[in-house]
Engineer: 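This is the structure, below, for whatever I ask next.
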Amino acid sequence: MNERMESPEMRVESAENIESPAFVAVSDPEIGAAGAPQATLEDSTSTPLARAARRGNADDWMNGIQWLSSTIVLAVFVITFLAQAFQIPSQSMEKTLLIGDYLLVDKVHYAQGGIWNSLLPYSPIDRGDIIVFRYPVQPTQHFVKRVVGVPGDRIHLFRGKVFVNGKVLDDAAFAVHKGLQFDSYRDNFPAGSYISPEVNSRWWVEMHSVVHEGEIVVPPEKYFVMGDNRDESLDSRYWGFVPRENIIGRPFLIYWSVRRPETTASDGRLERLLYTLVHLPEDARWDRTFRLVR
């Protein structure tokens with residue numbers, strides 16, 4: 001989610017009778033008239049100057065607390081309603097998004113209803129959009145994928161090529177294939193001859209109800225998503241559709257990017273932190289800093 005004022009020395013003198021015991025100079029308690037009672041210096045903390053200093057310190061504290069409170073409220077408002085930071089932990093969106101990319105996600109772009117429609121631009125979710133959403137299988141996790149099918153679309157894959165409504169998808173600008181071994185389930189979805197062990201069991205049951213003539217038909221208020229790294233992405237092929245209410249927003253800016261070193265289970269947080277600090281200049285991807293996500 002990052003003054004003291006000393007009271008001046010006081011001197012009291014009589015303008016009428018400098019030798020009168022009642023008006024003896026008391027700047028030094030050792031000095032006084034012989035046999036005369038010593039006058040005591042008024043407590044410096046009760047002087048107008050000292051009281052003003054205390055009020056000044058109190059005002060400084062109050063101003064600091066107000067500033068901190070305002071900052072926290074603003075940060076909570078931004079995170080809750082406008083934008084949020086996320087980190088990319090996997091390679092499923094390469095080469096568009098890399099492991100170690102830090103993103104700002106626009107949470108208003110796909111807003112529905114309320115005051116946002118009149119205050120900020122709103123756009124419907126469309127094919128080709130990159131979205132951040134709560135993982136339907138485990139909503140506490142956040143995933144980022146690209147929308148391939150919107151409600152009503154018919155989707156199927158043949159030998160790794162994506163077909164939408166009977167036409168091959170023009171995804172050459174962002175989709176990559178790493179030439180891995182042919183996988184019948186992944187590359188001929190949903191007509192594969194076997195079930196992948198990575199398929200969610202709930203989706204395997206549901207999938208048969210949304211397959212018509214060898215194609216997946218996207219239901220209302222749901223979206224079919226895939227990773228740009230087609231051969232290494234656990235996406236809608238393996239766990240199903242993304243409900244509209246799970247969608248958080250769209251990533252619009254990579255504000256920082258750093259290469260992640262290979263670590264083992266025995267590596268501690270302190271070791272990783274020290275490594276990051278030492279190797280930061282060489283591990284940072286400076287060319288990706290403040291890059292717009294497309």
Side-chain angles (χ1 to χ4, degrees), residues 87-101 125-139 141-219 222-243 246-247 251 260 262-263 265 293-294:
Q87 176 196 349
I88 299 299
S90 73
Q91 59 185 343
S92 68
M93 284 296 292
E94 290 183 351
K95 298 289 188 183
T96 306
L97 299 173
L98 305 180
I99 297 175
D101 281 351
I125 300 170
D126 202 358
R127 302 182 201 94
D129 288 351
I130 299 175
I131 60 172
V132 173
F133 56 92
R134 290 184 294 272
Y135 180 34
V137 176
Q138 191 172 349
Q141 296 182 13
H142 297 91
F143 278 18
V144 55
K145 305 289 182 185
R146 191 181 296 269
V147 175
V148 172
V150 299
D153 282 347
R154 306 185 316 276
I155 311 291
H156 79 276
L157 279 78
F158 179 72
R159 295 193 175 275
K161 292 186 179 296
V162 182
F163 289 79
V164 180
N165 298 326
K167 297 181 179 180
V168 64
L169 179 65
D170 183 12
D171 56 8
F174 50 83
V176 296
H177 297 270
K178 293 194 172 181
L180 299 180
Q181 185 177 1
F182 177 79
D183 184 302
S184 176
Y185 179 87
R186 180 193 66 205
D187 299 329
N188 281 346
F189 180 85
S193 57
Y194 79 101
I195 178 175
S196 170
E198 296 175 313
V199 173
N200 177 265
S201 58
R202 179 196 56 79
W203 167 238
W204 178 250
V205 174
E206 178 188 353
M207 184 172 63
H208 296 289
S209 65
V210 294
V211 173
H212 299 279
E213 298 181 355
E215 295 181 309
I216 291 284
V217 179
V218 184
K222 294 188 177 181
Y223 297 85
F224 190 92
V225 299
M226 298 179 67
D228 287 353
N229 187 356
R230 294 284 194 253
D231 299 334
E232 298 185 18
S233 172
L234 292 179
D235 46 41
S236 287
R237 291 171 290 184
Y238 295 91
W239 41 257
F241 305 109
V242 177
N246 283 36
I247 297 175
R260 292 299 182 190
E262 295 294 332
T263 59
V293 178
R294 302 183 184 281

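Remember, predicted model here, so these are calculated numbers, not experimental data.
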Engineer: Measuring from atom NE2 of His142 to atom CG of Asn246, what distance do you get when rounded to the nearest 0.5 angstrom?
Structural biologist: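 So the NE2 of His142 and the CG of Asn246 are separated by 9.5 Å.
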Engineer: If we check side-chain contact (heavy atoms from CB on, under 4.5 Å) with Val242, which of these qualifies: Val147, Ile247, Val218?
Structural biologist: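 Filter result, single survivor: Ile247.
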Engineer: Tell me, do Asn188 and Arg159 make a side-chain contact under 4.5 Å, heavy atoms counted?
Structural biologist: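 Asn188 vs Arg159: side chains touch.
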Engineer: Less than 4.5 Å apart, any side-chain heavy atom of Tyr223 and any of Lys145?
Structural biologist: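 Not in contact.
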Engineer: Of all the heavy-atom pairs spanning Tyr185 and Ile195, show the shortest one and how long it is.
Structural biologist: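 Scanning both residues, the minimum pair turns out to be CD1-CA, 4.2 Å.
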Engineer: So Arg237 and Phe224, do their side chains get closer than 4.5 Å, heavy atoms only?
Structural biologist: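 Result yes, sub-4.5 Å side-chain heavy-atom pair found.
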Engineer: Is there side-chain contact between Arg134 and Gln141, with at least one heavy-atom pair below 4.5 Å?
Structural biologist: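 Side chain of Arg134 against side chain of Gln141, heavy atoms only: no contact under 4.5 Å found.
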Engineer: Which distance, rounded to the nearest 0.5 Å, do you find between the CZ of Arg154 and the NE2 of His212?
Structural biologist: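 Those atoms lie 11.0 Å apart.
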Engineer: So does Trp239 get a backbone contact from the side chain of Arg202, meaning a donor-acceptor N/O pair under 3.5 Å?
Structural biologist: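 Answer holds: yes.
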Engineer: Please assess Val162 against Arg230 for the test side-chain contact (heavy atoms from CB on, under 4.5 Å), listing each intermediate value before the final yes or no.
Structural biologist: CA-CA 10 Å; Val162 182; Arg230 294 284 194 253; 3.9 Å; yes
Engineer: Looking at every non-hydrogen atom in both residues, tell me the closest pair between Met93 and Gly227 and how far apart they are.
Structural biologist: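 So the minimum-distance heavy-atom pair works out to SD-CA, 3.8 Å.
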Engineer: Of all heavy-atom pairs between Val225 and Ser236, which one has the smallest distance, and what is that distance?
Structural biologist: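 Shortest heavy-atom contact: N-OG, 2.9 Å.
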Engineer: A side-chain contact here means heavy atoms from C-beta on lying under 4.5 Å apart; do Pro251 and Val132 qualify?
Structural biologist: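 The answer is yes; the side chains approach within 4.5 Å.
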Engineer: Would you find a donor on one side and an acceptor on the other, under 3.5 Å apart, between the side chain of Asp228 and the backbone of Glu94?
Structural biologist: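 It does not hold such a pair.
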Engineer: Under the 3.5 angstrom rule, does the side chain of Ser209 hit a backbone N or O of Glu206 as a donor-acceptor pair?
Structural biologist: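 The answer is yes, because a donor-acceptor pair under 3.5 Å joins these two groups.
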Engineer: With a 4.5 Å cut-off on side-chain heavy atoms, are Ser92 and Asp235 touching?
Structural biologist: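 They are not in side-chain contact.
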Engineer: If you look at every heavy atom in Val217 and Phe241, which pair is closest and at what distance?
Structural biologist: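 Looking at all heavy atoms of both residues, the shortest contact is O-CZ, 3.9 Å.
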Engineer: Are Phe182 and Arg186 close enough that some pair of their side-chain heavy atoms sits under 4.5 Å apart?
Structural biologist: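 Result no, sub-4.5 Å side-chain heavy-atom pair not found.
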Engineer: Working to the nearest 0.5 angstrom, can you tell me the gap between Ile130 CD1 and Arg294 CZ?
Structural biologist: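 Between Ile130 CD1 and Arg294 CZ, I get 10.5 Å after rounding to 0.5 Å.
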Engineer: Quick check on Lys167: does its NZ atom have over 12 non-hydrogen neighbours (other residues, nucleotides or ligands) under 6.0 Å away?
Structural biologist: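 No, NZ of Lys167 has 12 or fewer neighbouring heavy atoms, counting only those of other groups under 6.0 Å.
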Engineer: Within the supplied structure, the quantity of interest is the number of heavy atoms (other residues, nucleotides, ligands) at a distance under 6.0 Å from Asp170 CG; does it exceed 12?
Structural biologist: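 No, not enclosed.
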Engineer: Just how far is it from atom CD1 of Ile216 to atom CZ of Phe189, taken to the nearest 0.5 Å?
Structural biologist: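 Reported value, rounded in 0.5 Å steps: 4.0 Å.
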Engineer: Is the side chain of Asn229 donor-acceptor paired with the backbone N or O of Gln91 at a distance under 3.5 Å, no angle test?
Structural biologist: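 Flag set: sc Asn229 to bb Gln91 pair under 3.5 Å.
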Engineer: Considering all heavy atoms of both residues, which atom of Val210 and which atom of Pro219 are nearest to each other, and what is their separation?
Structural biologist: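 Scanning both residues completely, I find the closest heavy atoms to be CG1-CG, 4.3 Å.
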Engineer: Is the shortest side-chain heavy-atom distance between Leu157 and Met226 below 4.5 Å?
Structural biologist: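 Sidechains of Met226 and Leu157: in contact.
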Engineer: As a quick check of understanding, evaluate side-chain contact (heavy atoms from CB on, under 4.5 Å) for Arg127 and Asn165, giving each step before the final call.
Structural biologist: CA-CA 12 Å; Arg127 302 182 201 94; Asn165 298 326; 3.7 Å; yes
Engineer: Is a salt bridge present between Arg146 and Asp171, judged by a nitrogen-to-oxygen distance below 4.0 Å?
Structural biologist: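 A salt bridge is absent here (no side-chain N lies under 4.0 Å from a carboxylate O).
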Engineer: Whether the side chain of Asp231 engages the backbone of Lys178 through a donor-acceptor N/O pair (distance < 3.5 Å, no angle test) should be reported.
Structural biologist: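 Yes; judged by distance alone, with no hydrogens or angles, the pair exists.
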Engineer: Please give me the minimum heavy-atom distance between Phe163 and Phe158, naming the atom from each residue.
Structural biologist: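 Closest approach of Phe163 to Phe158: CE1-CB, 4.0 Å.
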